[in-house]
Amino acid sequence: RGSRVSWTCGSAKREARAPIRIIWLSVCVDMGVGVTCTWDAAQSGRCKYMLTILGIESSCDDTAAAVIRGVPDVAGEILSNIVWGQGDVHAPFGGVVPELAARAHAEKVDLVVEAALEAAGLGLGDMDAIAVTAGPGLIGGVLAGTMCAKGLSVASGLPLIAVNHLAGHALTPRLTDALAYPYVMLLVSGGHCQFLEVRGADDFIRLGSTIDDAPGEAFDKSAKLLGLGYPGGPLVEAEAKGGDAARFALPRPLLDRPGCDMSFSGLKTALRRLRDDMTTPEGGLFRQDRADICASFQRAVADILAEKSRRALRGAGLSGARFAVAGGVAANGEIRAALAAVARESGAQLVCPPLALCTDNAAMIAWAGLERFASGHREGLNFAARPRWPLDSRAKPLLGSGKRGAKA
Ligand code: KG4
Ligand code: ZN
């Protein structure tokens, strides 16, 4: 009581903060002999604290469904995780087209759910609840997912849990690494970029955020400017491998200001100018010039994220002892390396969930749903799909967040 408990689960080490809310532990653990995990017994369905959740995600350009089984605060297992990416739908346009995304989600979501249940070898009747992304995101896609979830709930009688997409990303390290609260989270994707102090499944403090573009968006737009294709992140990274990152001094906006807010749109504008300057009379770029531009751009993004991470860890004090990173941009090798260096120098444990769980997926929605379900959340059928849904409701709306308030 009042201290941290750690135990071993197979070969994995787990830890939780006492008082442990889950009676499961005291039921399963023989305190007399020491702390022993009976996870295998629990998995065989003999533990009533074990929850099985269907998750549905459709807020951007991935239609996804997953089934997870787990015990809140302890650990979870992914039984299936199906992602139908819409890359081919949007590639000709160099970015996500909301109308096309919405149609594609509506066409595929029920098939993806069916595939997830089949891959898990379970039926709807085996679920305890349905968790669905209710925002923030492209409203047509969010509606497709929530309508599907509501339909399934009506048909099966299963309770519904509305999940904030960003909470899904932010809680993933608890699914993959049983990370204990509180921790600092950098969420860095195509639509979002923010530092959060994660204190609980429903308790987030925003430490800083981009005031304009997200880094993934900057990667995508830069790739488009350089004629590389979509999605831009991996293409820019591949191109940057042969480039000289020190050749062009691209700006690092907001680094001279205190705090953890970031800006990436100026970087993209500087890159456009550079491209125009370097364009040959024939209208193209020399291969080396393009590689150097990509490398310099990538270095600038890595520098901004590293410096702001340093500040976030410092500012969050004790919770800085744990630092998690998620979102599609966390796939970038140079950025990962820069963040790992910051974690090392700050004495923080760095957790990067596996790539497939860093990018959009439904396992993260199911896990966030499981945590919410365990703390008593249930939604009525009338819950709304929300294009904007800040995780930290106390945080001030950001500059550049638009008339309708903060997006996230
Ligand atoms: O998290 P995610 O799959 O979707 C959301 O935006 O929510 O992130 C996708 C973003 C895209 O903008 C993509 O270009 C970027 O992540 N990305 C990368 C890399 N891989 C994906 N950015 C930089 N380097 C990468 N290797
Ligand atoms: Zn996302």
Side-chain angles (χ1 to χ4, degrees), residues 55-64 66 81 83-87 90-91 93-96 98 101 105 133-138 141-142 145 163-172 185-194 196 210 213-226 228-241 243 245 264-265 267-268 271 294-295 297-305 324-339 352-365 367-368 387 389 391 407-408:
I56 300 174
E57 154 65 31
S58 58
S59 65
C60 189
D61 59 348
D62 293 300
T63 315
N81 190 17
V83 180
W84 183 74
Q86 302 177 356
H90 304 293
F93 306 94
V96 180
H105 284 303
T133 301
L138 299 173
V142 179
V163 172
N164 183 311
H165 175 84
L166 301 170
H169 281 301
L171 299 176
T172 301
M185 176 91 203
L186 167 61
L187 187 58
V188 62
S189 72
H192 303 285
C193 184
Q194 51 187 308
L196 296 162
T210 178
D213 291 352
E217 195 177 353
F219 267 101
D220 293 338
K221 287 178 179 168
S222 300
K224 195 172 175 181
L225 286 170
L226 298 174
L228 288 174
Y230 173 84
L235 298 166
V236 170
E237 183 176 16
E239 195 76 10
K241 285 208 162 57
F264 296 95
S265 70
L267 201 51
K268 177 196 65 202
L271 184 137
C294 286
F297 170 84
Q298 183 172 276
R299 177 65 54 82
V301 175
D303 282 353
I304 296 169
L305 292 173
V325 182
V329 180
N332 185 286
E334 180 166 355
I335 292 172
R336 259 181 194 242
L339 298 175
C352 291
L355 218 53
L357 296 175
C358 270
T359 54
D360 286 353
N361 66 86
M364 69 179 192
I365 301 304
W367 174 260
W389 184 0
L391 262 186
K407 274 192 212 161

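For the numbers below, each heavy atom of this structure counts, side chains included, while hydrogens, waters and symmetry mates do not. Throughout, numbering of the chain's residues begins at 1 and tracks the sequence. In listed order, ligands and their atoms are each counted from 1.
- Close approach of ligand 1 to E237 is summarised as follows: ligand atoms under 4.0 Å from at least one heavy atom of the residue are 25 (C), 26 (N).
- Applying the ring-ring contact (aromatic ring centres under 6.0 Å, His included) rule to F264 yields no partners; only residues at least two apart in sequence or on another chain are considered.
- Between F219 and F297, the ring planes lie perpendicular to each other; the angle is over 60°, past the 30° to 60° tilted range.
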Given the rule in the side-chain contact (heavy atoms from CB on, under 4.5 Å) test, do L271 and L226 qualify, once you have shown the distances and angles that lead to the verdict? CA-CA 9 Å; L271 184 137; L226 298 174; 4.1 Å; yes

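- Of the polar atoms of H169, none of the N or O atoms is found under 3.5 Å from an N or O of ligand 1, judged by distance alone.
- Distances between N or O atoms of D62 and those of ligand 1 include no value under 3.5 Å.
- Proximity to S189 (heavy-atom distance under 4.0 Å) selects the following atoms of ligand 1: 1 (O), 5 (C), 6 (O), 7 (O), 8 (O).
- For S58 (side chain) and G141 (main-chain N/O), a donor-acceptor pair under 3.5 Å exists by modelled atom type.
- Under the salt bridge (Lys or Arg N to Asp or Glu O under 4.0 Å) criterion, E334 pairs with R299, sequence neighbours left out.
- Residue-ligand proximity: G191 is placed with a non-hydrogen atom under 4.0 Å from ligand 1.
- Distance check, rounded to the nearest 0.5 Å: CD of E57 to CG of N81 gives 11.0 Å.
- Distances between N or O atoms of F219 and those of ligand 1 include no value under 3.5 Å.
- By the 4.5 Å heavy-atom criterion applied to side chains, Q86 and H105 are counted as neighbours.
- Annotation: the span from M364 atom CE to T359 atom OG1 amounts to 8.5 Å, rounded to 0.5 Å.
- For atom 24 (N) of ligand 1, the closest heavy atom belonging to the protein is N332 ND2, 3.0 Å.
- Of the candidates G190, C193, P234, the one placing a heavy atom closest to atom 19 (C) of ligand 1 is P234.
- Screening L166, I365, D360 against T133 for a side chain to side chain contact (heavy atoms under 4.5 Å, CB included) leaves a single residue, I365.
- Using a 4.5 Å heavy-atom cutoff, the side chains of I335 and V188 are not in contact.
- The ligand atoms of ligand 1 that sit less than 4.0 angstrom from a heavy atom of G216 are 12 (O).
- With atom 1 (O) of ligand 1 as the reference point, the heavy atom nearest to it among G232, A330, G328, G233 is part of G328.
- Considering only non-hydrogen protein atoms, atom 14 (O) of ligand 1 sits nearest to D220 OD1, 2.7 Å.
- With sequence neighbours left out, D303 forms a salt bridge (Lys or Arg N to Asp or Glu O under 4.0 Å) with R252.
- No side-chain heavy atom of L267 sits less than 4.5 Å from a side-chain heavy atom of P215.
- Nearby protein atoms of type N, O or S around the Zn ion (ligand 2) amount to 3 (distance under 2.8 Å).
- Taking a cut-off of under 4.0 Å to the non-hydrogen atoms of T359, the atoms of ligand 1 that pass are 1 (O), 3 (O).
- Residue contacts with ligand 1 for D360 involve both N, CA, C or O and side-chain atoms from C-beta outward (heavy atoms, distance under 4.0 Å).
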